[in-house]
Amino acid sequence: MKKALSFIAIALSLILTFTTGAFAASEDLATEAQGRTLLIEKVKVDTIEATPGFDNEGAENLFDNDPATKFCTNTFPAEVSWQLDGSYVVDAVIICTANDNAQYTGRNPATWTLYGSTDGENYAVIHEGSASDLEDVNFTYFLITFENSTAYSHYKLEIPAAEAADVLQISEFILVEADQAAEAPAAEEEAPAVEEEVVEEPAAVAAPATADVLTVSVLSLALAGVVGIVASKKRSK
Ligand SMILES: [Ca+2]
């Protein structure tokens, strides 16, 4: 039973390792979030600065938790910076496509870079995304995961160009907080699997010990035989 559980734990961790990147998309945010902590409410709306968008299609629409509103622009590179109400470790984002990506294909980012900063001046690259992160579909959320363990309070999104159009559009850009508490038990579960293998090996080593006991027993019997013969000879004298 323990072996079965260990095997399942290892299989799951392998699956998680190899699926780092975009998960299957969903039109439902909760489904795509898979229980993760979303930082939508943490965005300080008055700190948003961005490349201008078309009428009523500014970058503030990325943070309003409404897929029906979008950031739409033909000015490149498109840049958006914003601040959260504190420092958070982010190891994923959820990007949502807009109302007519299926009709006007190629409007997703060709590439995109997420930066983090603790002071709003010095930014470090957190993740570089590509066109393959999204598809030409409407109102669809895409979860993109990556490695990061540094907490930042300021964030910046940079998009050099649209994938295959003169216009770029995204309806939501949601930062996802790293769930470090969930990662710790997974590492602990793997340990017993290694211990079990070690326990099995001494069984093979036990054979020589048995042989030694047999050798000692045979020698003891032989010795007893010799003593018996000597004793009987003495008696016969
Ligand atoms: Ca929106």
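Both counts, for ligands and for their atoms, begin at 1 and track the order of listing. Residue indices begin at 1 and follow the sequence shown.
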Name of whichever N/O/S atom of [X] is nearest to the Ca ion (ligand 1):
{"X": "Glu172", "value": "OE2"}
{"X": "Asp66", "value": "O"}
{"X": "Asp64", "value": "OD1"}

message: Working to 10°, measure the angle at the Ca ion (ligand 1) formed by atom O of Asn61 and atom O of Ser171.
response: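 Result: 80°, to 10°.
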message: Do Ile144 and Trp112 make a side-chain contact, defined as non-hydrogen atoms from C-beta onward lying under 4.5 Å apart?
response: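 Ile144 reaches Trp112 side chain to side chain.
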- prompt: Can you find a pair of side-chain heavy atoms, one from Asn148 and one from His127, that are under 4.5 Å apart?
  reply: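 Asn148 vs His127: side chains apart.
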field: Mutual orientation of the aromatic rings belonging to Phe173 and Trp82 [parallel < 30°, tilted 30-60°, perpendicular > 60°]
entry: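 Plane angle over 60°, so perpendicular.
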- prompt: Within less than 3.0 Å of the Ca ion (ligand 1), any N, O or S from Asn65?
  reply: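 Short answer: no, not a single N, O or S atom is under the cut-off.
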task: Indicate whether any N or O donor in one side chain lies under 3.5 Å from an N or O acceptor in the other, for Glu172 and Tyr141.
output: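 There is no such pair (donor and acceptor under 3.5 Å, judged by atom type) between the side chains of Glu172 and Tyr141.
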field: Heavy atoms of other groups near Tyr104 OH, more than 12 under 6.0 Å
entry: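 No.
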